[in-house]
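First up is the structure itself, then whatever we jot down about it.
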Amino acid sequence: MLGRILLVVFATVLVTAPSLAQSAGPGHRLGQVNYYLVEFEKEVARQRGGEKAIWRNKKDALTRVQALKVEFPDDPEVERLYQRARRALMQSMGQLNEVDPSWTLYKRNEENLRKMVAAEGEACWKGLLASAGTNWLERPFPAPDTDAVSAEAVTNRLVVLDGVRYPMGQFYGGTGEYIACGKPSEGFYFVDLGGRNWLGPYEAVKRYRRNVDTALEDVASWTVLGRITGVTAEIPSAGEEKVGNIQFGWIVQPIALQVPGHVVAFHDAGAPSSGRFAGEEKALQAKANWFTVKEIPADVTPERLMEIFMTAIKEKNYDLYVQCVDPDNMKTPVGTDLLKYHWDLHQSRFHNEYVHATFSKAKIRVIKGFDSGDELNNFFLDDAQKAKLVKAGGTKIEEATVESRAIDENGKQLGSPHPHRLIRKGSGRWYVQDYAPRF
């Protein structure tokens with residue numbers, strides 16, 4: 001009888017123990033989980049709307065909230081933790097924005113311009129080939145054998161070389177600077193890089209990339225139309241210590257460069273930098289018609305100047321881009337070259353990474369001279385004292401900091417906000433001082 005009673009009691013304990021644990025609630029575990037969740041929320045807040053690859057506290061916080069939610073689905077304190085975790089998780093994915101169609105208009109304009117220049121280039125290329133008549137090698141490879149064919153029989157013939165890789169195939173030899181095309185089993189051509197016949201068209205292609213079509217940065221090879229001017233022997237190796245055997249090859253003087261589907265550029269002794277690309281004048285005129293900002297107002301605010309700076313980059317308006325930047329950055333040739341270098345980087349980012357940016361309200365401070373807008377100065381100093389300090393301080397220089405938030409074509413903010421510094425001297429207008437940072 002006693003054994004039966006003990007068995008009933010033991011069974012009752014087994015049945016009621018889980019329900020007692022359930023009724024006890026999460027208790028002290030709430031504080032532990034809250035600690036991890038707070039750390040994750042702080043980490044998200046520091047990103048200020050930006051996404052990042054590795055979150056230090058994300059997994060610890062979410063797994064603990066998940067365990068509580070599964071075990072205590074109806075507990076109100078657990079539910080509050082769960083909702084906070086959901087908000088933090090969503091914010092960690094990057095701030096989302098509604099994409100305005102005007103943000104990506106520049107990409108559509110660029111594509112239309114690329115098609116127009118490509119059509120001009122195709123017509124130009126066909127004209128160049130037609131003008132050669134029969135004076136060209138219809139089959140470049142295998143190249144005429146220098147042991148079997150005289151130089152006189154090949155010199156002045158035209159040739160079209162596909163897959164010319166520059167700068168990968170570039171080398172400095174004993175007789176000049178060349179791009180090597182070919183291989184020992186089929187013969188070599190050495191495209192001559194030493195004169196304006198190469199430099200002119202190449203500079204024109206760079207102008208095309210900078211002013212029309214950023215996608216050209218992805219092009220790895222070229223098609224070269226050139227004239228054979230002679231034969232030479234070189235070791236076509238890019239290193240200072242030459243590796244391999246001496247190879248005979250035909251020297252090719254460039255006439256035109258083609259990137260199929262994009263551009264054709266050719267040597268023109270009377271053109272800027274000795275070259276032009278087909279349709280260049282039409283392209284520049286078409287661009288001028290789509291510019292949405294023509295000039296910078298004298299009373300422009302730092303925030304508006306950053307918007308104009310971004311617009312100049314998106315619309316490929318290099319002249320306006322230069323007008324935005326502090327002239328002190330362009331006092332030397334090196335400074336001008338750096339400005340062009342960062343122009344190319346900005347073009348690449350707006351082509352490959354983001355399509356727009358928003359800007360914060362500027363934070364302005366005086367970094368030189370007397371700050372007449374400081375409330376404490378105005379409270380304690382009389383007009384005579386302030387006038388003396390203004391004269392002693394010289395030209396006032398102000399610095400503004402504006403933060404940008406870059407947005408991709410899906411509306412997601414990329415990374416944390418980036419600061420940009422602007423400067424104003426005396427009674428002049430604002431200029432962008434830090435033109436290099438990404439948006």
The test is side-chain contact (heavy atoms from CB on, under 4.5 Å); show your working for R438 and H342 and say whether it passes. CA-CA 9 Å; R438 60 182 291 119; H342 286 288; over 6 Å; no
Charged N to carboxylate O under 4.0 angstrom, [X] versus [Y]?
X: E281; Y: R276; value: yes
X: E79; Y: K69; value: yes
X: R114; Y: E111; value: yes
X: E120; Y: K282; value: yes
X: E41; Y: R87; value: no
X: D299; Y: R304; value: no

Pairs satisfying side-chain hydrogen bond (donor to acceptor under 3.5 Å, both in side chains), at least one member in residues 55-66, at least two apart: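 Listed by first then second residue: E43-N57.
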Enumerate the residue pairs fulfilling salt bridge (charged side-chain N to carboxylate O under 4.0 Å, His left out) with a member in residues 411-422, sequence neighbours excluded, ordered by first and then second residue.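 Residue pairs with at least one partner in residues 411-422: E51-K412, E399-R421, R421-D434.
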Test item: [X] and [Y] side chains (from C-beta on) under 4.5 Å apart, heavy atoms:
X: R207; Y: S273; answer: yes
X: Y189; Y: V164; answer: no
X: L193; Y: I179; answer: yes
X: L68; Y: L81; answer: yes
X: R365; Y: E398; answer: no
X: T232; Y: F248; answer: no
X: P260; Y: Q258; answer: yes
X: K363; Y: E403; answer: no

Under a 3.5 Å distance rule, please check whether [X] uses its side chain to pair with a backbone N or O of [Y] as donor and acceptor.
X: E177; Y: F171; result: no
X: Y106; Y: F350; result: yes
X: T104; Y: K107; result: no
X: E409; Y: V355; result: no
X: N329; Y: D326; result: yes
X: N97; Y: G411; result: yes
X: R405; Y: Q95; result: no
X: S348; Y: L345; result: no
X: N317; Y: I313; result: no
X: Q47; Y: V44; result: no

Do the two ring centres, one from W125 and one from F266, sit under 6.0 Å apart?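 Distance test on ring centres: not under 6.0 Å, no.
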Would you say the ring centroid of W250 lies under 6.0 angstrom from that of F188?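 No; F188 has its ring centre 6.0 Å or more from that of W250.
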How about [atom1] on [X], more than 12 heavy atoms from neighbouring residues, nucleotides or ligands closer than 6.0 Å, or not?
X: F291; atom1: CZ; value: yes
X: M168; atom1: CE; value: yes
X: N289; atom1: CG; value: yes
X: K294; atom1: NZ; value: yes
X: R108; atom1: CZ; value: yes
X: K115; atom1: NZ; value: no

Rounded to the nearest 0.5 Å, the CG atom of L284 sits from the CG atom of L113 at a distance of 8.5 Å
To the nearest 0.5 Å, how far apart are CG in L96 and CD in Q91? 11.0 Å
Looking only at heavy atoms, what is the nearest atom pair of D213 and Y208, with distance? OD2-OH, 2.9 Å
If I compare all heavy atoms of Y178 with all of I251, which pair ends up nearest, and what's the gap?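 Shortest heavy-atom separation between Y178 and I251 comes out as OH-CD1, 3.9 Å.
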With H346, which of F439, Y318, Y435 fulfils ring-ring contact (aromatic ring centres under 6.0 Å, His included)?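 Exactly one pass, corresponding to F439.
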Please identify each residue that fulfils salt bridge (Lys or Arg N to Asp or Glu O under 4.0 Å) with R157, with sequence neighbours left out.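 If we apply the salt bridge (Lys or Arg N to Asp or Glu O under 4.0 Å) test to R157, skipping adjacent residues, there are no hits.
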Using the side-chain hydrogen bond (donor to acceptor under 3.5 Å, both in side chains) definition, which of the options K316, R210, R209 pairs with Q347? K316
Residue from I228, V159, V160 passing side-chain contact (heavy atoms from CB on, under 4.5 Å) with W136: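 The passing option is V160.
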Taking it one step at a time, do E315 and K287 satisfy salt bridge (charged side-chain N to carboxylate O under 4.0 Å, His left out)? CA-CA 8 Å; E315 296 180 352; K287 275 181 54 181; over 6 Å; no
Cation-pi check for Y82 against R80: NZ or CZ below 6.0 Å from the six-membered ring centre and within 45 degrees of the axis, yes or no? no
Please walk me through it: do D192 and R227 pass salt bridge (charged side-chain N to carboxylate O under 4.0 Å, His left out)? CA-CA 10 Å; D192 187 2; R227 177 179 289 103; over 6 Å; no
